[in-house]
*Asks:* 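Below you will find the structure I want to go over with you.
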Amino acid sequence: MTDRRVIDGRVPRIVVVGFGPVAARLVDELLPAVRAGRLALTVLGEEAHAAYNRVLVADLGVGRTTVDAMMLAEPAELAAAGVDVRLRTAVRHVDRARKLVRLEDGTAVGYDRLVFATGARAVVPNLHGLNPDPHTDPGLPAGVIALRDVADAAVLRRAVTGGHRIVVLGGGILGLEAALAAADEGAEVTIVHHGPHTLARSIDAGAGHVLSATLRARGVRIVADARSTAVTLRASGDGTASFAALKLDDGQEIPGDLLLLSCGVRPRIELAEGAGLATDRGILVDHGLAAHHDEDVFAIGDCAEIRCLAAGCAECAAAPSPSGLIGPGWRQAEHLAARLLRPVSSVQALPAEPAPVMLLKARGVDVAAAGDVTAGPFDDACLDGGPLRVSQWADPEHGRYVKMVTRGGVLAGLVCVGLPRTAAELVLLYERGAELPADRSVLLRLDGPDRPPAGAATAGAADPARTVCRCAGVGGAAIDAAVADGCASVADVAARTRAGTGCGGCHGDIRARIEAHFQPAVAPR
Amino acid sequence: MPSQTTPTHCPYCALQCAMTVTESDGAVRIAPRDFPTNRGGLCRKGWTAAALLGHPERLTAPLLRMDDGVLRPVGWDVALDVVAGRVRRTGAQYGADAVGVFGGGGLTNEKAYQLGKFARLALGTSRIDYNGRFCMASAAAAGNRAFGVDRGLPFPVTDLDAARAILLLGSNVAETMPPFVTHLQGARDAGGLIVVDPRRTATADFTADGAGLHLQPAPATDLALLLGLCHIVIHDGLADTAYVRERTTGYGALARSVAPWWPERVQSVTGVPAAQLRRTAHLLAEAARTGGAYILSGRGVEQHTDGTATATAAINLALLLGLPGTPGCGYGTLTGQGNGQGGREHGQKADQLPGYRKITDPAARAHVAAVWGVAESAIPGPGLPAVELLASLGRPGGVRTLFVHGANVAVSAPDSTRVVEGLGRLDCLVVADFVLSETAALADVVLPVLQWAEEDGTVTNLEGRVLRRRAAVAPPPGARSELWIMAELARRLDAPSTFSADPQTVFTELRAASAGGLADYSGIDYELLDTGAAAYWPYPAGSAGTPRLFRDRFAHPDGRAVLVPVSPAATGRDALFKAGTLVLATGRLLEHYQSGAQTRRVPELAAAVPAPRLLIHPVAAAAHGIDDGGPVTVANDRGTVRCTAEYSTSIRSDTVFLPFHFPGGQNANALTSAATDPVSGMPEFKTSAVTVTADAVPDTATARFPEAS
């Protein structure tokens, strides 16, 4: 591949650094323009795989899906369309002065527009025995993984199939999902976390209690309020050291064969920093996704932090900070593609992101949470004059718990455990900012068995005026008269009255009326 | 007078229940007939269909709008001369494309075929389309793209009986075609009836007591739901990999397109719990393995601006599970109108010639031109799909003189107020109908025609089986068949080719015109049908027809089905859920049919449901201060409907439902949008944002039933 410099009149060259899910969406959106020869596109990915759905890495680690099924891009097809796709390609340095991306292999790629889609990497906690330097790839010891990519998943898979003991460090959603999936597949799992319960950032104490009980009932061991200090290693057969136990500050040791770190993620910004771009937690971009002070450089997805130079910018405030959620990144990719393809003035502003919703991805354990759920029903903020109202239902014995925090009837926060239909509806109502029913208990009964039938079809079965067969429009009285006249089967009644000739849903009713009529023939009690 | 019993089929829906019509001493009686589709069943509409024969409101003379603006009876020669004159004048002034034709899915095959020929040869216009654009267009486009052919059910409906699982998408068959429900019994017994509907309809109730599952997605989220099911099938290893490898193309791109739709994400979009989605996918896959799974789609998922994409996603799911063409399994769409299948095959569509041929295909044009005995250049090119055609009425470059056959667009078209305005802008509106429908009442010329039991012909039911309809009673004097009307007008317009008034002659010509096309009828004739033979197309001469398609190959040149990746538009949904608005879904009631022009005139049906009621959840009603049975106004920036509210917990609290069978101030289509699907031209009937407000309670009876007939 030659080093292409900018030549006036040539099609613009776009280089994307990173080939994760967000980059894949951007590439998809740009593809028609590449096919049409209106732009040249290069994608640089570090991994051996093209983009795959990282959300499913835990599922892959327990054997619930395959790498093939997770793929979001096909390099051969992209190449056929004219995209320059390079896998296993690490970037050494971005030279903004010359508009060159210098690669580890010594070559360089020229750009007119550069997009950082470098994503995030797992946070490695400060523990004896681990190197937490965020600027280097962790180089974790054997038996310690962060469950971030396909290679990590392969390690987890071996542990699960081998019946190994797995220790999960961290009580966040990703750790919990991995722990539950592994336990479901038969692994012996211990979760070690700070605070009194898991998901402490998203759910309140009541939900935490119910969730902890649910986790224990599914065979997951939980060590709460734990401060870990060190990783103990043991020599394995081939002479290398591998994970043996997690050491806590009270001296307790949690033994295991695999340590799964789930301590959050951090944007990968070092390339941007090295190129002299403004960064904070992420690469700083304006609400049009362009880097500060360089309108030819952009960042999207987990590596981007939207905060423009204007203080108090409302559009930036509506945009998400790095969150680890994939949806906002995809919307950013769509927006940036439009911006790269069309005059900026014709591109609608990046849509405001709805407040994030947490939905636990686990089978048989239903947890949804959003917003602030710290308030209790009898807190000052919820009593007369306060802005909030809280409705709550707790049934720990059966693993069910709901809290709805509302402001002006609209959800400001919710948490829901063990009630899947309720959770699904509450999330829709939260995202729409819709007012809840005044009778909040309506929302609790969606999962119940007492939902009334659609029509009045089964109400008042004995009422002779009631329509029994709606299809033919026949009432009970007409059927009773036919039966009294000697019709003794559904077919007889149908022939006489038309009842039962449509969908057949009333045949049971007709039979019951026939039986009721002939009942006296049986010895009365 | 001796009684005479004639075997025929019902005038209403595409199930085309078999019945007998018996006339004795001037009275006409209807009885169900044993037949594989309806098994001796009928619904209330079928039972009472005779009420339309000899109805006091039957039109028995042509009507011409006089200078005083009043429609008055005239003789046939006068009426036809006026029509021919108007056609000539419009053509001379604005060109042939200023004359348009709007057909219907209720017309017999003979009428639908001859109407397409009449438009192209007698009127010389490309501007013909029909109301099937409002019904089957999305499913048809998706089927053609995936399979290379569109036959609603590519298998006899009785094949469903042995199914262990049936996924029913947006179809309320318990109300729209009740006798069909018997074919769901096997799946119900196996616990495998899965109904997807935002309403807990009578059909959804059939999933109760262990008979299956009801998934109740939020409005306009069907596509996401289906992408989620495809995702689960792939990731949980449920796909029929040998089938996908040997019988389809496009798997890789499809798998990548659904990888982002994991169940919990789909839950957060649709409101359907992930566990229900998983159970659905596993139920279907399990049934497919044990020999019996079907996926059936209906208008509920198709009548959207993403209807083609949604139908495509349903087909993709079916292909992943290896259903189409596999014995005991399949995918199909449930056609709605009586001849909604045949009506979409023989040239009423803007882009189509008989035999389901493409009007842009030179070979197809040459074949049809040869049958018609005209030069290929005499056949115009493609016209405009229905919504665009109606939008062009009276506009510069648009249609100035419009023929309407078998349709009531003033009630049935989306954004009906604009459509009525368009009809008002026409230089001339000609409506052929047997009663004074709301559209006919706006016409300059009304031509009284025959109905169902008064004439011979064929229809093609939802299975692609061609059926004989027979003349059972004498028509009223003064009414004429549409075939005769077309023949008379063609003569007056000096049209090339021939136009027969005899159904059998027209069918013979249709056979020749369809020969070699996808929907090949060349081996079918009236004598064959009169033997009771089950004639499924394609039925080339010399064959025995095709009860089941796709056994060995699909209709694409390589014999494979195509998996087409689809995804929701980036935007579009959130606008539905503005503060204070509810989402309106429209649909059918058991007691009425389409625009109601027929069923509102049947006393028993009109008495059962004389006026529309707005279904609303008590929770939504409470929030809007609406009483059960109280008068309400349903409105948006397109229009207003006044009706009564009916509480129901069967509907989601963010959604309300109105039937679309009522005219004027009760017309649900005053609220629907003319926005259309980019592939099929299907309008968005199922989701419109509306406000619902309680009206002051006026005098009792008149407000409740203002248009009781």
Side-chain angles (χ1 to χ4, degrees), chain A residues 21 24-25 52-53 55-56 59 64-66 68-74 77 326-327 330-331 334 348 351 357 359-361 363-364 366 368 420-421 423-425 427-429 431-435 437-439 442 451-455 457 469-473 494 498 500-505, chain B residues 32 40-44 47-48 173-175 178-182 185 199-202 204-206 208 218 234-237 252-253 255-256 259-260 262-265 267-268 270-276 278 570-571 574 577 579 590-591 604-605 608 618-620 622-623 648-650 653-654:
Chain A
R25 179 64 61 92
Y52 52 86
N53 187 351
V55 172
L56 303 175
D59 283 342
R64 284 180 179 169
T65 188
T66 61
D68 278 353
M70 290 164 60
M71 296 310 295
L72 295 169
E74 169 52 48
E77 285 183 19
I326 209 162
W330 279 336
R331 284 181 282 276
E334 287 162 7
Q348 288 187 338
V357 172
L359 273 181
L360 186 71
K361 229 162 59 48
R363 306 204 178 158
D366 293 286
R421 284 278 328 257
E425 287 299 327
V427 166
L428 290 181
L429 291 166
E431 292 193 326
R432 293 175 194 162
E435 199 169 326
D439 178 359
V442 168
R451 299 189 310 143
C469 172
R470 209 181 136 213
C471 296
R498 303 176 182 175
T501 56
C503 74
Chain B
L42 284 182
C43 78
R44 204 168 182 179
W47 277 113
T48 57
V173 285
E175 294 213 41
F180 178 87
V181 172
T182 61
Q185 191 61 47
R199 273 198 301 153
R200 200 171 63 252
T201 59
D205 265 352
F206 281 125
I234 290 175
H235 288 257
D236 287 10
R256 292 194 292 280
W262 63 94
E264 288 76 11
R265 181 177 180 217
Q267 170 181 327
S268 71
T270 61
V272 177
Q276 273 197 356
R278 289 200 176 91
T571 54
D574 291 339
F577 298 103
L590 193 152
E591 292 81 0
E604 181 181 329
L605 301 176
V619 158
S648 172
T649 56
S650 69
S653 59
D654 54 13

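Just so you know, these numbers use all the heavy atoms, side chains as well, and skip hydrogens, waters and symmetry mates. Chain identifiers are assigned alphabetically (A, B, ...) following the order of the sequence lines, protein sequences preceding nucleic acid strands; residue numbering begins at 1 within each chain.
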*Asks:* Report which part of A:R64 has an atom under 4.5 Å of a heavy atom belonging to chain B: side chain, backbone, both, or neither.
*Replies:* backbone
*Asks:* Taking all atoms of both residues into account, what is the closest heavy-atom pair of A:L56 and B:A259, and its distance?
*Replies:* CD1-O, 4.2 Å
*Asks:* Does any backbone or side-chain atom of B:F206 lie under 4.5 Å from a heavy atom of chain A? Answer side chain, backbone, both or neither.
*Replies:* side chain
*Asks:* Check whether B:R278 gets within reach of chain A through its side chain, its backbone, both or neither, counting any heavy atom under 4.5 Å.
*Replies:*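 When you check distances to chain A, only side chain atoms of B:R278 fall under 4.5 Å.
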*Asks:* Quick check on the interface: out of B:Q276, B:H235, B:E604, B:Q267, who has the most heavy-atom pairs with chain A under 4.5 Å?
*Replies:*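 Of B:Q276, B:H235, B:E604, B:Q267, B:H235 has the most heavy-atom pairs under 4.5 Å with chain A.
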*Asks:* Closest heavy-atom contact between A:C471 and B:A174?
*Replies:* SG-O, 4.1 Å
*Asks:* Taking every non-hydrogen pair under 4.5 Å, which of A:M70, A:R331, A:E77, A:K361 racks up the most with chain B?
*Replies:* A:K361
*Asks:* In chain order, what residues pass the salt bridge (Lys or Arg N to Asp or Glu O under 4.0 Å) check against A:R470, with sequence neighbours excluded?
*Replies:*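 For A:R470 the salt bridge (Lys or Arg N to Asp or Glu O under 4.0 Å) partners, ignoring immediate neighbours, are B:E175, B:E591.
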*Asks:* Identify which part of A:V55 has an atom lying under 4.5 Å from any heavy atom of chain B, answering side chain, backbone, both or neither.
*Replies:* side chain
*Asks:* With chain A as the partner, which of B:A623, B:P260, B:A275 has the greatest number of non-hydrogen pairs under 4.5 Å?
*Replies:*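 When all of B:A623, B:P260, B:A275 are compared, B:P260 has the most.
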*Asks:* What heavy-atom pair brings A:I326 and A:P21 nearest, and what distance separates the two atoms?
*Replies:*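 It is CD1-CB, 3.6 Å.
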*Asks:* Distance check, rounded to the nearest 0.5 Å: B:D654 atom CG versus A:L428 atom CG?
*Replies:*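 Nearest 0.5 Å value for the CG-CG distance: 7.5 Å.
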*Asks:* State, to 0.1 Å, how close A:G500 and A:C469 come at their nearest heavy-atom pair, and which atoms those are.
*Replies:* N-SG, 3.3 Å
*Asks:* Using a cut-off of under 4.5 Å for heavy-atom pairs, which of A:E425, A:R363, A:R25 has the most such pairs with chain B?
*Replies:* A:R363
*Asks:* Against chain B, label A:E435 side chain, backbone, both or neither, depending on which of its atoms sit under 4.5 Å from a heavy atom there.
*Replies:*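 Neither part; nothing is under 4.5 Å.
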*Asks:* Measure distances from A:L429 to the heavy atoms of chain B and classify the residue's part below 4.5 Å as side chain, backbone, both or neither.
*Replies:* neither
*Asks:* Give me the atom names and distance for the closest heavy-atom approach of B:E264 to A:L360.
*Replies:* CG-O, 3.7 Å
*Asks:* How far apart are the closest heavy atoms of B:R199 and B:A204, and which atoms are they?
*Replies:*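 Nearest heavy atoms, B:R199 then B:A204: O-CB, 4.2 Å.
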*Asks:* For A:D439, is it the side chain, the backbone, both, or neither that has a heavy atom closer than 4.5 Å to a heavy atom of chain B?
*Replies:*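 Neither part; nothing is under 4.5 Å.
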*Asks:* Roughly how far, to the nearest 0.5 Å, is CG of A:L359 from CG of A:D366?
*Replies:*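 Going from CG on A:D366 over to CG on A:L359, the span is 9.5 Å.
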*Asks:* What part of B:P32 gets within 4.5 angstrom of chain A, counting heavy atoms only: side chain, backbone, both, or neither?
*Replies:*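 Neither; nothing under 4.5 Å.
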*Asks:* Tell me, side chain or backbone of B:W47 under 4.5 Å from chain A's heavy atoms, or both, or neither?
*Replies:*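 Both parts, backbone and side chain.
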*Asks:* If we define contacts as heavy-atom pairs under 4.5 Å, which of B:A620, B:P618, B:G271 has the most with chain A?
*Replies:*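 Winner by heavy-atom pair count: B:G271.
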*Asks:* Looking at B:T48, B:L590, B:V173, which one has more heavy-atom pairs under 4.5 Å with chain A than the rest?
*Replies:*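 Highest number of heavy-atom pairs under 4.5 Å: B:L590.
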*Asks:* Can you name the residues that form a side-chain contact (heavy atoms from CB on, under 4.5 Å) with A:D68, not counting sequence neighbours?
*Replies:*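 In terms of side-chain contact (heavy atoms from CB on, under 4.5 Å), with neighbours along the sequence ignored, A:D68 is linked to A:T66.
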